[in-house]
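Heads up: the structure comes next, in structure tokens.
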Amino acid sequence: LGIAQADQLPEVNASASVFNQRSPAAAGRPAVDTSPVQLGLSASWELDFWGRFLRATESARASLLSAEWAQRQVISSLVSDVAAAYFQLREQDLELEISRQTLASRRDSLRLTQVLADGGATSLLDVRQAEQLVFGASASIPDLESRIEQQENFISILVGRNPEGVVRGRPLIDQQQPPEVPAGLPSSLLERRPDILQAEQQLVAANAQIGVAKADFFPRISLTAIGGYQSSALARLFTGPAGLWTFGASALQPVYEGGRIRNNVAFAEARTQEATIVYQRTVQQAFRDVSDSLVSYRKSREVRIEQQQLTTAAEDATRLSNMRYRGGAASYLEVLDSETRFFNAQLNLAQAQLRELQSLVQIYRS
């Protein structure tokens, strides 16, 4: 923008030169030594009668605003990425907590089964099945710990730090959620989106370039002036006769340039059409983003509610299976199946809670 604005102002240059020269002797005239000195100040100014520089400045200003909105879009995306990554981390923490609690419970169950087997009240098969539950829960813990450390590294890089641990806040299930998105919000809210404002300014910049291209059809009128001193010796530089100046105006009118100006105008108009289509596509994509995010939030919340009910049912089934097994009314295979279903239901519930929070992040982004 500063470069474009500078074209609207006069250009002033200063010059200075000094050198020694000797004229050889000729026709009885002795050799002459001189030291010409010249100091000058020149100025030129192209008058912007047809608005070429004005439209170029308008285009540059719009490009600057477009870049600023692009920067805000990056910031908005970064905020969303950090929030989504943090929710992912807290979900992994919850899975790790579930795995550890499940492992402790299954180890207690294994010890009880071993006691029963030692007393002849159950078979070695039940012990082996109880061991499967223990090993299944313990096998998930190292993988979760690895994923948690990698997620911490990812978040550290997002916030501009070297890989390190991340301080935790509220658990995943205690994360505060914003109020419900009210129905009937005006679509004019989308005008705040940085990508739409960026595309709008790109359209303004492209449209202004048409005026720049059309201005080449008209003559360029320039004013020039030169003033200063010139003398054959430094001692006489600032005397009256040493002064010099010129002032004039010139006009340059294109006569034949092989269609360059006409094609340049057509090119600028095509770029404007392209920017218009990009702007329309950006607006349409914004409506789609909002619609997708609202649908995703509504459906992910429904899934989370259903998953909560499934987890509650699986927990009760596990309790009943253990009671039946201890009462001799069921085999340990029933306990194995119900324990596995309950463990998977807990993990699926954590993932459903994560998807609900991430859909909120998507609503913020859109």
Side-chain angles (χ1 to χ4, degrees), residues 85-154 165-166 168 170-175 299-359:
Y86 179 73
F87 289 150
Q88 178 76 49
L89 176 63
R90 296 307 279 144
E91 188 272 337
Q92 292 170 348
D93 290 337
L94 180 57
E95 286 193 23
L96 181 60
E97 180 182 353
I98 292 171
S99 298
R100 287 173 174 172
Q101 291 176 351
T102 302
L103 177 60
S105 174
R106 290 179 177 181
R107 281 175 175 171
D108 292 340
S109 179
L110 174 60
R111 283 192 291 268
L112 176 60
T113 305
Q114 287 174 336
V115 171
L116 294 174
D118 293 341
T122 188
S123 66
L124 185 61
L125 176 61
D126 291 347
V127 175
R128 293 293 178 262
Q129 289 175 337
E131 289 175 344
Q132 292 179 40
L133 290 176
V134 171
F135 297 149
S138 61
S140 63
I141 292 178
D143 177 63
L144 281 170
E145 291 175 338
S146 174
R147 286 160 51 196
I148 286 173
E149 289 190 22
Q150 292 173 352
Q151 190 71 7
E152 287 180 319
N153 293 341
F154 175 60
V166 174
R168 306 299 202 270
R170 297 173 182 266
L172 183 71
I173 58 177
D174 294 333
Q175 293 294 325
K299 294 303 179 181
S300 62
R301 183 173 53 180
E302 294 175 2
V303 170
R304 189 258 304 162
I305 294 174
E306 294 295 330
Q307 190 62 43
Q308 280 181 330
Q309 297 175 348
L310 174 61
T311 304
T312 301
E315 183 180 15
D316 194 46
T318 300
R319 181 183 60 82
L320 294 174
S321 297
N322 280 280
M323 291 176 58
R324 283 167 51 84
Y325 172 71
R326 293 170 185 174
S331 67
Y332 200 81
L333 182 61
E334 181 179 312
V335 176
L336 175 66
D337 180 66
S338 60
E339 286 276 359
T340 302
R341 289 177 182 273
F342 179 47
F343 181 54
N344 291 334
Q346 287 179 295
L347 297 181
N348 290 335
L349 176 58
Q351 294 170 2
Q353 291 167 335
L354 170 64
R355 287 192 292 270
E356 182 178 5
L357 289 172
Q358 287 182 332
S359 66

Heavy-atom pair of closest approach, residues [X] and [Y]:
| X | Y | value |
| --- | --- | --- |
| Ala350 | Glu95 | CB-CG, 4.3 Å |
| Ile173 | Leu94 | CG2-CD2, 4.3 Å |
| Ala117 | Val127 | CB-CG2, 3.6 Å |
| Ser99 | Ser140 | OG-OG, 3.3 Å |
| Thr311 | Ala345 | OG1-O, 3.2 Å |

Rounded to the nearest 0.5 Å, what's the gap from [atom1] on [X] to [atom2] on [Y]? Could you check?
| X | Y | atom1 | atom2 | answer |
| --- | --- | --- | --- | --- |
| Leu336 | Arg341 | CG | CZ | 10.5 Å |
| Ile305 | Leu349 | CD1 | CG | 11.5 Å |
| Gln92 | Leu354 | CD | CG | 8.5 Å |
| Asp126 | Gln114 | CG | CD | 12.0 Å |
| Leu133 | Asp337 | CG | CG | 10.0 Å |
| Ile141 | Glu97 | CD1 | CD | 11.5 Å |

Does the side chain of [X] reach to within under 4.5 Å of the side chain of [Y], using non-hydrogen atoms?
| X | Y | answer |
| --- | --- | --- |
| Gln353 | Gln307 | no |
| Phe154 | Gln151 | yes |
| Ser105 | Phe343 | no |

Taking [X] for its side chain and [Y] for its backbone only, find out whether a donor-acceptor pair lies under 3.5 Å.
| X | Y | value |
| --- | --- | --- |
| Arg170 | Gln175 | no |
| Thr312 | Gln308 | yes |
| Glu91 | Leu172 | no |
| Arg106 | Glu339 | yes |
| Thr113 | Ala130 | no |
| Thr102 | Ile98 | yes |
| Glu356 | Arg304 | no |

Original post:
Do Ser338 and Tyr325 get their side chains close enough for a donor-acceptor pair, meaning under 3.5 Å?
Top reply: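 No - no donor-acceptor pair under 3.5 Å links their side chains.
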**OP:** Please confirm whether Arg168 makes a cation-pi placement over Tyr86, using NZ or CZ under 6.0 Å from the six-membered ring centre and within 45° of the ring normal.
**Re:** no
**OP:** Determine, stepwise, if the pair Glu131 / Arg107 fulfils salt bridge (Lys or Arg N to Asp or Glu O under 4.0 Å).
**Re:** CA-CA 8 Å; Glu131 289 175 344; Arg107 281 175 175 171; over 6 Å; no
**OP:** Kindly determine whether Arg326 and Leu112 satisfy side chain to side chain contact (heavy atoms under 4.5 Å, CB included), including the steps that lead there.
**Re:** CA-CA 10 Å; Arg326 293 170 185 174; Leu112 176 60; 3.6 Å; yes
Subject >> Stepwise side chain to side chain contact (heavy atoms under 4.5 Å, CB included) test for Arg147 and Leu144 >> reply: CA-CA 5 Å; Arg147 286 160 51 196; Leu144 281 170; 3.4 Å; yes
**OP:** Evaluate the criterion salt bridge (Lys or Arg N to Asp or Glu O under 4.0 Å) for residue pair Glu302 and Lys299; output intermediate values, then yes/no.
**Re:** CA-CA 5 Å; Glu302 294 175 2; Lys299 294 303 179 181; 3.6 Å; yes
